[in-house]
Amino acid sequence: MRRPDLTEETMNTNYLVQVQEGMRVFDRLNHEIGTVDYVKLSDDDPMTDDAEAERLSERRESFLDVVADVFRSDDLPDEVRDMLLQKGFIRIDSAGLFAADRYVTPDQIMSVTGDALTLSVTREELMKRQ
């Protein structure tokens, strides 16, 4: 049962806290589309400070270095990049030799269970990494 004090956005953001790098990712048709390569928690999530700090300390000294690495060689418009950073996102390492990696926003996550997450969209509906 849903708690009345949780908004849809907060519930979606909470999925990001459960996601770990290496998890298998399935689309809404239950087709495996790859594995989680990177997770960025929402800037608005109260869990972001502690959880993100822990993740960042494992990767780089500077948050700007991490952001630069995540979006390196991506031709994302500034508005899209800003939206991803604000809402949080997952980058998927897509399965297949020539498959483009994809970005998942919190509202596209249907469930997180065990070592897998299931999306509410198909691979084609996800934003491609250039």
Side-chain angles (χ1 to χ4, degrees):
M1 183 170 191
R2 185 183 205 172
R3 287 182 38 190
D5 60 332
L6 294 178
T7 66
E8 192 69 30
E9 185 173 336
T10 302
M11 290 175 63
N12 289 336
T13 301
N14 288 338
Y15 280 132
L16 288 178
V17 176
Q18 300 173 40
V19 176
Q20 299 292 319
E21 293 176 6
M23 288 181 127
R24 296 168 55 199
V25 181
F26 297 87
D27 70 6
R28 69 179 171 89
L29 303 173
N30 208 33
H31 297 130
E32 187 168 357
I33 58 176
T35 57
V36 174
D37 182 49
Y38 181 82
V39 180
K40 162 64 173 89
L41 299 177
S42 165
D43 289 342
D44 298 330
D45 189 316
M47 298 281 296
T48 298
D49 292 337
D50 295 337
E52 189 72 357
E54 184 177 323
R55 288 181 194 212
L56 293 176
S57 67
E58 294 173 3
R59 292 181 155 240
R60 292 271 195 285
E61 294 296 320
S62 164
F63 177 72
L64 294 176
D65 290 339
V66 173
V67 171
D69 283 350
V70 169
F71 294 115
R72 189 178 316 280
S73 78
D74 288 359
D75 290 329
L76 295 174
D78 289 341
E79 308 84 47
V80 173
R81 184 176 294 124
D82 291 345
M83 181 270 302
L84 288 173
L85 290 171
Q86 180 182 16
K87 289 187 172 190
F89 66 90
I90 298 167
R91 187 177 63 205
I92 300 173
D93 181 10
S94 294
L97 184 58
F98 297 107
D101 291 348
R102 311 285 175 142
Y103 290 104
V104 176
T105 57
D107 60 317
Q108 294 173 316
I109 302 171
M110 185 182 326
S111 66
V112 179
T113 54
D115 69 343
L117 65 114
T118 304
L119 306 178
S120 61
V121 296
T122 64
R123 175 196 307 250
E124 291 75 27
E125 295 173 274
L126 295 172
M127 189 180 336
K128 287 184 186 178
R129 183 175 188 195
Q130 302 297 323

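Computed from a prediction, not measured in an experiment: that's the story for all the values here. Side-chain atoms are counted along with the backbone in the values below, which use heavy atoms only and exclude waters and symmetry mates.
- Note: the hydrophobic cluster containing V112 also contains V25 (ILVMFWY, side chain heavy atoms under 4.5 Å, direct or indirect links).
- The hydrophobic cluster containing Y38 also contains M127, counting ILVMFWY residues as joined when their side-chain heavy atoms lie under 4.5 angstrom apart, directly or transitively.
- Interatomic distance, M110 CE to L117 CG, rounded to the nearest 0.5 Å: 10.5 Å.
- L85 and V80 fall within the same hydrophobic cluster, defined by Ile, Leu, Val, Met, Phe, Trp and Tyr side-chain heavy atoms under 4.5 Å apart, directly or through other members.
- A distance of 10.5 Å separates CG in L119 from CG in D107, rounded to the nearest 0.5 Å.
- Considering all non-hydrogen atoms of both residues, S111 and Y15 come closest at CA-CE2, 4.0 Å.
- The aromatic rings of F89 and Y103 lie perpendicular to each other, with more than 60° between the two planes, well past the 30° mark.
- By the rule that hydrophobic residues join a cluster once side-chain heavy atoms approach within less than 4.5 Å of another member, V121 and M23 end up as members of one cluster.
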When you look at L16 and I109, which way does the side chain to side chain contact (heavy atoms under 4.5 Å, CB included) test go after all the steps? CA-CA 9 Å; L16 288 178; I109 302 171; 4.0 Å; yes
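- Put simply, CD1 on I90 and OG1 on T35 are 11.5 Å apart, with the number rounded to the nearest 0.5 Å.
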Report the C-alpha distance between Q108 and L126 in whole Å, list the side-chain angles of each, state the deciding distance to 0.1 Å, and finish with yes or no for side chain to side chain contact (heavy atoms under 4.5 Å, CB included). CA-CA 9 Å; Q108 294 173 316; L126 295 172; 3.5 Å; yes
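- Closest heavy-atom contact between V39 and V36: CG2-CG1, 3.6 Å.
- Summarising the geometry of D37 relative to R91, their closest heavy-atom pair is OD2-NH2, 2.5 Å, with the distance given to 0.1 Å.
- Between S94 and A100, the closest heavy-atom pair is OG-O, 2.6 Å.
- Here CD of E124 is found 4.5 Å from OG1 of T122. Values are rounded to the nearest 0.5 Å.
- I33 is not listed as a side-chain neighbour of R102, based on a closest heavy-atom distance of 4.5 Å or more.
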